[in-house]
J.: 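Right, I'll just put the structure down here and ask away after.
Both counts, for ligands and for their atoms, begin at 1 and track the order of listing. The first residue of the sequence shown is numbered 1, and numbering continues consecutively from there.
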Amino acid sequence: MSVQLGDIAPDFEADTTDGHIKFHEWLGDKWGILFSHPRDFTPVCTTELGYVARLKPEFDKRNVKAIGLSIDPLDSHKKWAADIGETQGTALNFPIIADPDRKIAGLYGMIHPKHDEVYTVRTVFVIDPQKKIRLTLTYPQTTGRNFDEILRVIDSLQLTDGYTVATPVNWKPGEDVIIVNSVTDEAAKTKFPKGWKALKPYLRLTPDPRK
Ligand code: BEZ
């Protein structure tokens with residue numbers, strides 16, 4: 001099964017390194033990042049999990065909870081967690097789901113059999129407080145993900161949910177944003193009092209409204 005943008009994130013119960021959870025209940029009213037790893041005790045995954053642990057203050061600022069998943073069992077996750085702390089300089093500070101029967105991997109389409117019949121690929125799902133899927137991303141097993149980019153997407157989503165704007169290529173918080181085309185110039189005068197620069201009638205740039 002594949003999970004698409006706009007779907008409600010499938011709910012599930014699972015054992016994790018932080019105990020048994022019911023996923024939707026665990027998310028509560030926060031944003032979520034659910035991401036899968038091919039397997040435990042592998043080098044790329046070790047660096048990714050360490051980096052996500054280091055990003056915790058950034059996730060907290062944005063009201064985001066992170067949770068990893070691999071199909072290895074819980075006792076393996078727990079042993080691996082010690083290696084992550086030792087080698088990456090930050091102890092694991094978010095749960096990793098054990099999915100040995102691949103139930104959750106199946107629900108979210110995390111196994112791509114032509115790539116690998118057994119282990120999950122590197123998927124990421126960003127879930128909003130209404131439990132809606134807002135980003136899906138699939139990386140091959142041999143390429144570590146860029147979690148700074150995932151943070152950047154969350155910044156964009158949180159901004160564009162609050163204002164009638166979109167964010168341009170490589171946008172970072174604080175940079176100019178795009179007024180969406182459904183907003184007329186007349187309406188834009190009240191919505192964007194700082195004004196805008198129209199490169200084309202359909203391409204109007206205005207300062208980040210949160211600045
Ligand atoms: C890794 O995490 O290092 C890895 C996992 C599966 C295949 C290749 C690399």
Side-chain angles (χ1 to χ4, degrees), residues 1-5 7 9-10 12-21 23 26-27 30-60 62 64-127 133-155:
M1 193 178 138
S2 80
V3 171
Q4 300 189 336
L5 300 190
D7 287 347
F12 56 82
E13 289 193 33
D15 291 323
T16 80
T17 47
D18 288 355
H20 189 81
I21 62 158
F23 186 50
W26 177 83
L27 283 168
K30 308 255 191 221
W31 289 70
I33 300 177
L34 168 65
F35 57 106
S36 59
H37 300 279
R39 54 192 115 143
D40 294 0
F41 299 103
T42 48
V44 178
C45 298
T46 304
T47 61
E48 288 186 322
L49 289 163
Y51 195 75
V52 171
R54 226 178 308 153
L55 282 181
K56 176 133 180 16
E58 296 301 321
F59 292 142
D60 289 346
R62 293 160 176 84
V64 175
K65 288 173 102 174
I67 189 163
L69 175 147
S70 95
I71 66 164
D72 286 319
L74 197 55
D75 59 337
S76 160
H77 287 359
K78 286 185 174 162
K79 284 183 200 136
W80 185 33
D83 289 359
I84 293 164
E86 183 192 324
T87 62
Q88 304 304 306
T90 310
L92 201 66
N93 51 21
F94 60 90
I96 307 180
I97 296 165
D99 188 29
D101 56 8
R102 309 198 298 169
K103 203 176 69 201
I104 302 157
L107 262 183
Y108 279 82
M110 292 167 167
I111 294 175
H112 294 203
K114 288 179 192 144
H115 186 72
D116 188 316
E117 282 186 5
V118 178
Y119 296 101
T120 56
V121 292
R122 296 182 197 280
T123 61
V124 182
F125 300 90
V126 171
I127 300 160
I133 300 281
R134 302 296 298 277
L135 166 135
T136 67
L137 190 140
T138 307
Y139 267 42
Q141 292 172 329
T142 45
T143 305
R145 287 156 285 198
N146 183 336
F147 282 91
D148 293 332
E149 166 62 2
I150 292 156
L151 264 187
R152 192 189 74 86
V153 176
I154 290 172
D155 283 335

J.: Is there a polar contact between ligand 1 and Thr42, counting only N or O atoms under 3.5 Å apart?
T.: yes
J.: Name the option, out of Arg122, His37, Gln141, that contains the heavy atom nearest to atom 7 (C) of ligand 1.
T.: Gln141
J.: Do the two ring centres, one from Phe94 and one from Phe59, sit under 6.0 Å apart?
T.: no
J.: Cation over ring, Lys65 on Trp26, under 6.0 Å and within 45°?
T.: yes
J.: Cation over ring, Arg39 on Tyr119, under 6.0 Å and within 45°?
T.: yes
J.: Would you call Trp31 and Val126 a side-chain contact if the rule is heavy atoms closer than 4.5 Å?
T.: yes
J.: Suppose we measure from atom 3 (O) of ligand 1 to each protein heavy atom; which comes out shortest, and what is that distance?
T.: Val44 N, 2.7 Å
J.: With atoms numbered from 1 as shown, which atoms in ligand 1 lie under 4.0 angstrom from a non-hydrogen atom of Pro38?
T.: 5 (C), 6 (C)
